[in-house]
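These values consider heavy atoms only, across backbone and side chains, with no hydrogens, waters or symmetry-generated copies. Start at 1 and go down the list; that is how both ligands and their atoms are numbered.
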Amino acid sequence: MFPEVIEAMAAQQGRVGNPSSLHTAGRAARRIVEESRERLAQAVGARPSEVVFTGGGTESDNLAVTGTYRARRDADPCRTRVVVSDVEHPAVLDCAGFLAAHEGAKGSRVGCDPSGVVSPEAVRAAIEEDPGSVALVSVMWANNEVGTVQDVAGIAATAHEHAIPFHTDAVQALGHVPVDFAAAGADLMTVTAHKVGGPVGVGALLLRRDATVVPLTHGGGQERQVRSGTLDAAAVLGFALAAEKAVGDLAAEAGRVAALRDRLVCGAMALGLGIRPGGVWQAGDHDRRLPGNAHLLVPGCAGDSLLYLLDAAGIECSTGSACHAGVPQPSHVLLAMGLSESEARGALRLTLGHTSTDGDVEAFLGALPGVVERARRAAGGSAS
Ligand SMILES: Cc1ncc(COP(=O)(O)O)c(C=O)c1O
């Protein structure tokens with residue numbers, strides 16, 4: 001988190017007042033919430049009335065996908081198709097899966113190219129299988145594993161050719177690449193605070209005034225009757241301040257962080273260990289790939305071994321697999337990009353941000369050869 005965000009939140013947390021209460025303390029908390037709404041709206045290219053605060057990205061994705069599905073199906077029972085890309089976050093994919101298992105939805109998946117790019121043409125082809133049956137289209141702005149940035153405006157325009165609502169998960173994009181809700185033409189957009197230097201546990205769904213969603217939570221009718229529940233004024237303030245700062249610093253930070261990423265990727269490739277980058281990678285490019293995302297495919301070893309060995313060296317990263325019921329599964333994103341299961345199992349994800357330095361990259365590159373050698377020995381193989 002940005003230190004100034006922690007400070008501002010700590011001060012607000014010391015104040016009492018429910019933003020829905022009418023007494024003086026409640027009105028003061030409401031003022032904080034409404035000012036934060038304006039600041040967040042400004043940072044994401046939306047109107048204040050389009051900001052629905054939530055408990056984070058997962059909740060916003062669920063509200064967008066499930067809420068839109070239910071609203072569209074209720075208005076027209078033929079609209080049961082949920083068109084999503086193969087590379088979505090589980091908060092979108094599992095939501096679509098739940099609707100298919102329990103509420104009569106039909107999943108419709110759009111593939112990607114070997115770099116993780118989902119083209120507007122592929123989205124058009126999926127829609128045109130039967131345009132009248134589509135409830136919504138959801139394609140993320142930038143991928144959390146390989147950092148691929150999508151042509152969101154092109155995909156939104158494609159969905160709108162058939163008057164279909166378009167949702168984009170911009171959790172990874174906000175504060176890292178230019179994000180403008182209105183200019184992109186999205187109807188719904190998910191953002192979360194903890195990816196922009198703000199606190200965990202608060203996010204927002206940007207919701208056009210004419211977009212209809214059936215609420216998932218019922219109660220006090222807060223947030224346009226769409227998301228009931230008492231708002232956490234301190235968290236909302238922290239989110240707005242962090243988003244404002246991340247967006248304000250973006251022009252300078254994107255170049256600095258992308259240069260660190262490039263040094264990391266080039267350095268890893270130069271070690272002679274057969275390492276190559278995953279996704280769209282070109283030195284200096286921070287438009288088509290998130291500046292802070294470095295994704296490495298390390299042949300001949302398991303990502304989990306790399307993760308634990310790097311962790312012991314003080315370097316924290318993620319792998320290309322996720323644990324489902326205790327069993328590591330290769331990433332659905334990497335498989336969708338056409339990688340084999342064994343390639344996907346040797347994937348490492350390193351994320352650089354506002355606190356990352358040259359020294360961090362040097363430390364990683366210094367530790368990597370020994371770590372790879374030990375991980376390969378553990379896998380019982382040699383370099384491949
Ligand atoms: C692309 C994407 N969507 C959604 C989420 C979920 O957000 P949250 O952790 O705020 O629930 C994440 C979290 O990392 C993400 O990367």
J.: Pairing donors with acceptors under 3.5 angstrom, does anything connect the side chains of Ser115 and Thr148?
T.: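 Judged by distance alone, the side chains do not pair up.
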J.: For ligand 1, what is the set of protein residues having any non-hydrogen atom at a distance below 4.0 Å?
T.: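 Correct list: Gly56, Gly57, Thr58, Asp61, His89, Met140, Asn144, Asp169, Val171, Gln172, Thr192, His194, Lys195.
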J.: Just so I know, are the side chains of Asp311 and Glu316 near enough to count as touching, which here means a heavy-atom distance under 4.5 Å?
T.: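 Side-chain contact under 4.5 Å: yes.
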J.: Under a 4.0 Å threshold between the charged nitrogen and the carboxylate oxygen, would Glu253 count as salt-bridged to Lys245?
T.: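 Result for this pair is no, no salt bridge flagged.
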J.: Is there a donor in the side chain of Glu88 and an acceptor in the side chain of Ser85, or the other way round, less than 3.5 Å apart?
T.: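 Judged by distance alone, the side chains do pair up.
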J.: Whether Arg39 and Glu35 form a salt bridge (side-chain N of Lys/Arg under 4.0 Å from carboxylate O of Asp/Glu) is what I want to check.
T.: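 No.
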J.: Just one of Asp187, Val213, Val84, Val82 clears the side-chain contact (heavy atoms from CB on, under 4.5 Å) bar with Leu136, so which one?
T.: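 Running side-chain contact (heavy atoms from CB on, under 4.5 Å) over Asp187, Val213, Val84, Val82 with Leu136 returns exactly one hit, Val82.
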